[in-house]
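One structure below.
This is a predicted model, so every value here is computed, not measured.
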Amino acid sequence: WSAHGLVAFGCRELVVIIEPETCQIVQTLDGHRGRVSRARWAIRNAARCDAEEEPAGELASADTQGEIILWDVARGAVVARFSAAPGAEGSAHSRITGLEWHPSRADGLIVLHAGGTLACWAAAGRDARKLWSLTLPEPLLSMPAFSEADRTRAVAAGDKGCLYELRTDAQQALRLHAQHRFRVRPPAPAREGSFRGAGDAPAQQRAISAAFAPALG
């Protein structure tokens, strides 16, 4: 969804923009060579960035070949394109499985590749530049989730059972802070009103109460 109420999605090598109330196609963006896998509207917030940090385009899209395009949606024109692939273009590791704008840097575009590599690109001009990259020991199931309370902290889940804690440094680059290996087990049947889950139930209940007490109070 965009701030204007439009929806963007990939259809083969095209990015399609629709007005959801009427299901009318308002724009079709043609420029990708691979199948479009992700599309994300830019987050424009004058209170948190200056003009030099504004994203070059209104919309970013990524394809299975590892290429990213920034679009001027109104004109249907390519503002910038670059290859974010960490390996050979078209290889398995070049496939983009996640795309999100950085929560603290307006022109920062975070890219997740199939092999477990995260990279952030400065997308403020026609020539995007890589700000940082981080390769984790295993592929990730999804993009890192940033804490709403502290935007310097994030967590990401790997497909082999590891939860990674990430922290941003002075340059706003994500770095591995800790990794925790865990195994999820189906909870045993519990009586109504009792706490479900394995481990120290009273300790878990205290942790939940501490986390939600300020909001509930």
Side-chain angles (χ1 to χ4, degrees), residues 1-91 93-114 117-133 142-144 146 151 168 171-174:
W1 290 84
S2 74
H4 306 295
L6 300 177
V7 173
F9 61 94
C11 180
R12 298 180 67 87
E13 290 81 26
L14 302 175
V15 179
V16 180
I17 314 294
I18 67 167
E19 200 291 306
E21 291 295 328
T22 61
C23 292
Q24 180 182 0
I25 296 176
V26 298
Q27 186 62 281
T28 303
L29 306 174
D30 186 359
H32 281 285
R33 294 174 296 171
R35 288 178 178 268
V36 176
S37 56
R38 293 291 186 277
R40 292 291 182 270
W41 293 98
I43 303 171
R44 297 184 183 275
N45 187 342
R48 73 182 180 126
C49 65
D50 55 37
E52 293 184 353
E53 289 184 342
E54 281 288 336
E58 300 163 284
L59 179 72
S61 57
D63 64 33
T64 54
Q65 300 295 316
E67 186 175 55
I68 292 173
I69 296 180
L70 305 178
W71 300 94
D72 179 330
V73 175
R75 295 191 300 119
V78 174
V79 176
R81 67 167 70 229
F82 59 96
S83 176
E89 188 173 313
S91 67
H93 284 192
S94 73
R95 183 165 57 88
I96 294 174
T97 58
L99 188 70
E100 294 288 351
W101 292 95
H102 198 292
S104 302
R105 178 173 177 137
D107 70 333
L109 191 59
I110 301 177
V111 181
L112 172 62
H113 293 277
T117 296
L118 283 166
C120 185
W121 293 77
R126 291 185 175 275
D127 298 318
R129 58 187 178 89
K130 185 184 290 187
L131 298 173
W132 52 262
S133 65
S142 62
M143 293 290 291
F146 282 85
R151 289 300 195 178
T168 57
Q171 287 72 44
Q172 296 183 331
L174 279 177

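Taking both residues in full, the closest heavy atoms of Gly76 and Trp71 are given as O-CZ3, 4.5 Å, listed atom of the first, atom of the second, then distance.
Within the structure, the salt bridge (Lys or Arg N to Asp or Glu O under 4.0 Å) test picks out no pair touching residues 22-31 (sequence neighbours left out). Evaluation of the side chain to side chain donor-acceptor pair (under 3.5 Å) test over residues 4-16, restricted to residues two or more places apart or in two chains, returns none.
Checked against side chain to side chain contact (heavy atoms under 4.5 Å, CB included), Ala122 has the following partners two or more places apart in sequence or in another chain: Arg105, Asp107, Arg129, Leu131. In terms of the side chain to side chain contact (heavy atoms under 4.5 Å, CB included) criterion, residue partners of Ala173 (sequence neighbours excluded) are, by chain and number, Trp132, Asp169, Arg175. For Gln27, the side-chain hydrogen bond (donor to acceptor under 3.5 Å, both in side chains) criterion is met by no residue, not counting sequence neighbours. With sequence neighbours excluded, the residues forming a side chain to side chain contact (heavy atoms under 4.5 Å, CB included) with Ile25 are Val16, Ile18, Thr28, listed by chain and number.
Summarising the geometry, atom CZ belonging to Arg33 is positioned 7.0 Å from atom CZ belonging to Arg81; distances are rounded to the nearest 0.5 Å. If you take CD on Glu58 and CG on Asp72, they are separated by 5.5 Å, rounding to the nearest 0.5 Å. Interatomic distance, CZ of Arg151 versus NE2 of His102, reported as 10.0 Å (0.5 Å rounding). Here the CD1 atom belonging to Ile69 is positioned 9.0 Å from the CG atom belonging to Leu29, to the nearest 0.5 angstrom.
Although no hydrogens or angles enter the test, the distance criterion places a donor-acceptor pair under 3.5 Å between the side chain of Thr64 and the main chain of Arg35. Checked by atom type and distance alone, the side chain of Arg95 never pairs as donor or acceptor with a backbone atom of Ala114 at under 3.5 Å.
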